[in-house]
Amino acid sequence: MLRIKMADSRSVRLSRTKLAAAAAVATISLVALTACTPGTSSDSASSVKSIVVLVEAGGHAELQPIADLYAKDKGVKVNFVELPYNGLYNRVNSELSTGSISFDVAALDAIWLPAFAAGLQPLNSLYTSAVKADNFPSVVQEAKVGGNYVGMPAFANSEILYYRTDLFNDPANQAGFKAKYGYDLKPPTTWQQYSDVAAFFTNNGMYGAPLPGAEETQYLAALSQAGQKQMVLNAAGTKSTLDDSASLKALDYYASLAKYAPPGAAAVDWNAAQNLYNQGKAAMMLFWAHAYRQIPTSSPVYGKTGVAPMVAGPAGIAGVPGPYYLSIPRQGAHQAASTAFVKFAYDHNALSANTSLGLVARISALKQYANKPGYEAYSPMVTTLSAPATITRPANANWQNIVNNALIPMIQKSLQPGADNAALLKATASQIDQIVQQ
């Protein structure tokens, strides 16, 4: 599961938080809420003077400029409640399950929407043709659960390629690389080029790139790059697709990168991978686009980092979309006021570009800033998220269970010497089948 962990707005990192799979499955059984009709509270947007918005700690900073303008233009104060990632999930899960709602809007990770959809207000009327045209297809797709759109895009994200411009531009490195591989040293665009460059720079304590074996999304991106059209699960969500040639091609490639990463890749999470690069110990990194603005000024790679789209496999460029959405609880007290704020936040999404992370969702907002200093990661993210091979994670309430108990253990085992990747995929596919068929 992908998320933007925002515990500290200065040192935001993507990391894995192990949510209890049982909680995710329990949420989908919101029996009372499933039977509810959409919220019919009698409030009007003009009668409400304040609303409560739940956010992951740090996401507050992304939404604050919007909230400030909303208070100025509409006279409605936005009170943010900041929670850690697990705390946000648990708060929303508990309140939707019991029907005792204390918030008006929540900023939710895309992967939560299938589990929470029964308790969220449909926002179909907000999804105009203009809205759909100004968002990546994957972002629009992930907002829809069943027949309803249950969140409006707030932030978008994707892994992109980071590389050391000082190393790539060094004449000695350029000459040595061309002598060894027969082509110019440049930011890699294919699997083979990425492997070549990683191999070239792995020596004397320097590594080609970190490999986050404790996370799943780099392998998922490789799946799409290999040509997989249904990520891990079939379209019905009833059977795993891992036991096929594209899955094996992706896992073989992913595991082959371990020799260009520090030892112990199976235990490396996003935080460790980011730190390794920022410490100047890797020539490249495949990482989330928001991290470009997080490189400390004291880092040896500050001002010496270039960015490019994700590399392409046999099917082309592909990444894993990482959107967040603003959603409204069905049983919230202020339906009209909540909807008005969500629409306002979407209309003014570009304001979030001027925050510490600069995360926005709309394509127009990304393109508005793409050529400005400090926003170099925007264009590679647009290219990656627009690529035809980029697909979404499954809209399945069992997804976190699958990630925690099947995918990551498989990835970690693939990094062990002598691993039989075909057998691992077959066993994992069987395990996933059991999870989704329970």
How are the rings of [X] and [Y] set to each other: parallel, tilted or perpendicular (split at 30° and 60°)?
X      : Y      : answer
Trp191 : Tyr253 : parallel
Trp270 : Phe287 : perpendicular
Tyr369 : Tyr375 : tilted
Tyr70  : Phe341 : perpendicular

Any residue meeting salt bridge (charged side-chain N to carboxylate O under 4.0 Å, His left out) with Asp166, in chain and number order, not counting sequence neighbours: Arg164

pair Pro262-Lys281: side-chain heavy atoms closer than 4.5 Å: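 Result no, sub-4.5 Å side-chain heavy-atom pair not found.
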
Indicate, with yes or no, if the rings of Phe116 and Tyr89 have centres closer together than 6.0 Å.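 Yes, the ring of Phe116 comes within the 6.0 Å limit of the ring of Tyr89, centre to centre.
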
Taking atom types as modelled and ignoring hydrogens, do the side chains of Asn157 and Tyr324 form a donor-acceptor contact shorter than 3.5 angstrom? no

Output yes when a side-chain donor or acceptor of Asn148 lies under 3.5 Å from a complementary backbone atom of Val145, and no otherwise.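 Not a single qualifying donor-acceptor pair exists.
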
Test your reading of the model: is there a side-chain donor-acceptor pair from Arg362 to the backbone of Val131, 3.5 Å cut-off? no

Check against side chain to side chain contact (heavy atoms under 4.5 Å, CB included), Glu62 and Leu357: CA-CA 7 Å; Glu62 300 300 291; Leu357 295 183; 3.4 Å; yes

Check the surroundings of atom NZ in Lys186: do more than 12 heavy atoms from other residues, nucleotides or ligands lie under 6.0 Å from it?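 No, NZ of Lys186 has 12 or fewer neighbouring heavy atoms, counting only those of other groups under 6.0 Å.
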
